[in-house]
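Right, one structure below, let's go through it.
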Amino acid sequence: MQTTLSTHQGIEGIQAITYSTDTAEQWAEAQRFYADWGLRSEMVSNEVQQWRTQNNSLVRVVRGDDANYPTPIESGATLRAVEWGVHSITCLQKIAQLLAGVKGFKDCRTDGGLQGYVEALDPHGLLISFTLNKKTEVKISGGQSNPWGYNHRINSPSPIYNNAQPIEIGHVVLFTTALKEVEDFYARLGFVTSDQYPGRGIFMRCAAEGGHHDLFLLQVPGKAQGLNHVAFTVRDIHEVFGGGLHMDRQGWKTQLGPGRHPISSAYFWYFENPCGGLIEYNADEDHLTQEWQPRIFEPGPTVFAEWAVDGGLDGRSRRQKSGPVGVTGKFLTEKKS
């Protein structure tokens with residue numbers, strides 16, 4: 001690689017991800033899962049599934065032996081590719097220069113860079129590509145809050161959602177066995193450190209100003225490289241709850257949540273994903289600028305989660321899984337006779 005890309009050049013986040021899965025059962029599960037997750041179906045065939053978020057970010061599912069992708073970074077269903085959007089032809093040209101010579105590099109731009117992409121393999125062997133931003137602007141706002149002294153919501157109740165409709169792909173988290181090498185790789189592409197666990201994990205955002213992280217690299221002793229999870233951004237905490245409760249009603253298994261991350265301030269709810277790793281509803285993430293000074297944390301349960309519900313909430317009773325079930329009265333305090 002050549003010199004570092006300026007953080008003002010403008011990588012604008014994740015605009016597509018590709019998973020692969022092999023078995024017929026997993027393929028059918030993926031189709032049901034992403035419909036329940038709240039994505040818009042664009043195409044489903046025997047070889048590929050394509051789903052869209054509200055801002056037209058793409059989730060693609062392919063077969064494990066699809067020749068268009070390099071060897072998976074781990075066995076089984078997993079993440080196969082991440083596509084990043086950039087704001088200008090100039091930025092795309094700079095990234096092409098930085099990636100030239102990197103394993104797997106291809107320059108597939110046409111029409112002076114207006115069409116096409118550049119791609120390469122990151123140190124994990126994960127296919128990453130860059131193209132002009134294809135995400136569309138959406139006029140969506142979350143529910144207003146009324147913190148003490150600031151009455152933003154007047155004569156209007158907070159929203160309640162029966163399910164989620166993710167706005168965009170928020171971030172990717174990868175297990176790595178070469179933290180410093182991978183950190184340096186993405187830093188040269190313009191990624192900026194937000195916070196870190198020294199020697200264990202680093203939160204990186206793809207530009208100086210933006211959400212707390214677009215990429216989190218996690219090095220766990222004895223843990224091989226692979227996918228940890230992909231997060232999808234929703235409107236607000238109420239949609240985290242509404243989406244999570246809906247997923248539970250559809251029979252999908254909570255890994256952890258709902259809860260709140262102290263480091264990014266975001267609310268979360270994690271589910272097991274039939275396409276590999278975990279998947280997260282995420283809302284209310286910190287917004288950082290170039291004035292932000294990265295912090296150092298010692299890993300620990302209360303650093304990961306200020307609070308969290310283990311096992312999730314029951315989508316019907318709206319209570320913790322280990323709590324009462326079968327409530328049939330008009331109020332939750334009414335017991336089953």
Where do [X] and [Y] come nearest, in terms of heavy atoms and distance?
X	Y	value
Ile89	Gly112	CG2-O, 3.6 Å
Glu239	Ala164	OE2-CA, 3.4 Å
Val234	Ala283	O-CB, 3.8 Å
Ala96	Val118	CB-CG1, 3.8 Å
Ala120	Val102	CB-CG1, 3.9 Å
Tyr267	Asp284	CE1-OD2, 3.5 Å

For residues [X] and [Y], is any side-chain donor paired with an opposing acceptor at under 3.5 Å?
X	Y	value
Thr289	Glu291	yes
Glu272	Gln255	no
Arg205	Ser194	yes
Ser265	Asp286	yes
Asn56	Thr136	yes
Gln93	Arg109	yes
Ser145	His152	no

Taking the side chain as C-beta and beyond, is there a heavy-atom pair between [X] and [Y] under 4.5 Å?
X	Y	answer
Val303	Ile263	yes
Glu306	Thr302	no
Phe241	Tyr281	no
His229	Ile279	no
His212	Phe203	yes
Leu278	Asn273	no
Gln196	Arg295	no
Thr78	Tyr19	no

Is there a donor-acceptor pair closer than 3.5 Å between any side-chain N or O of [X] and the backbone N or O of [Y]?
X	Y	value
Asp236	Gly142	no
Thr53	Ile167	yes
Gln49	Trp27	yes
Thr254	Leu256	no
Arg63	Asp66	no
Arg249	Gly315	yes
Gln225	Ile73	yes
Arg40	Ala35	no
Glu74	Leu227	yes

Shared ILVMFWY cluster between [X] and [Y], side chains joined below 4.5 angstrom?
X	Y	answer
Tyr270	Leu174	no
Val62	Val230	no
Val86	Ile17	yes

Item to check | Full working for side chain to side chain donor-acceptor pair (under 3.5 Å) between His171 and Glu285 | outcome: CA-CA 11 Å; His171 61 255; Glu285 178 184 31; 4.8 Å; no
Item to check | Ile160, CD1 atom: more than 12 neighbouring heavy atoms under 6.0 Å | outcome: no
Checklist entry - Within a reach of under 6.0 Å around CG of Asn46, are more than 12 heavy atoms found that belong to other residues, nucleotides or ligands? => result no
Item to check | Ion pair Arg32/Asp36, N-O distance below 4.0 Å | outcome: yes
Next on the checklist: Salt bridge or not between Asp314 and Arg319? Use side-chain N to carboxylate O under 4.0 Å.
Outcome noted: no
Item to check | Arg60 NZ/CZ over Trp51 ring centroid, <6.0 Å and within 45° of normal | outcome: no
Checklist entry - Checking side chain to side chain donor-acceptor pair (under 3.5 Å) for the pair Arg235/Ser141: CA distance, chi angles, key distance, verdict? => result CA-CA 6 Å; Arg235 293 172 178 85; Ser141 59; over 6 Å; no
Next on the checklist: Working to the nearest 0.5 angstrom, can you tell me the gap between Gln54 CD and Lys139 NZ?
Outcome noted: 14.5 Å
Next on the checklist: Using side chain to side chain donor-acceptor pair (under 3.5 Å), reason through Asp122 and Tyr186 one step at a time and then give a plain yes or no.
Outcome noted: CA-CA 8 Å; Asp122 83 353; Tyr186 282 99; 2.8 Å; yes
Are [X] and [Y] an aromatic pair by the rule of ring centers under 6.0 Å?
X	Y	value
Phe268	His261	yes
Trp269	Phe271	yes
Phe191	Trp84	yes

Item to check | Intermediate values then yes/no, side chain to side chain donor-acceptor pair (under 3.5 Å), His213 and Asp195 | outcome: CA-CA 9 Å; His213 59 281; Asp195 290 310; over 6 Å; no
Sequence neighbours left out, cut at 3.5 Å: what donor-acceptor pairs do the side chains of residues 125-133 make with other protein atoms?
residue: Thr131; atom: OG1; partner: Gly116; partner atom: O; Å: 2.8
residue: Thr131; atom: OG1; partner: Lys134; partner atom: NZ; Å: 3.3
residue: Asn133; atom: OD1; partner: Lys135; partner atom: N; Å: 3.3
residue: Asn133; atom: ND2; partner: Glu12; partner atom: OE1; Å: 3.2

Item to check | salt bridge (charged side-chain N to carboxylate O under 4.0 Å, His left out) assessment of Lys321 paired with Asp248 | outcome: CA-CA 10 Å; Lys321 286 285 192 176; Asp248 180 82; 2.4 Å; yes
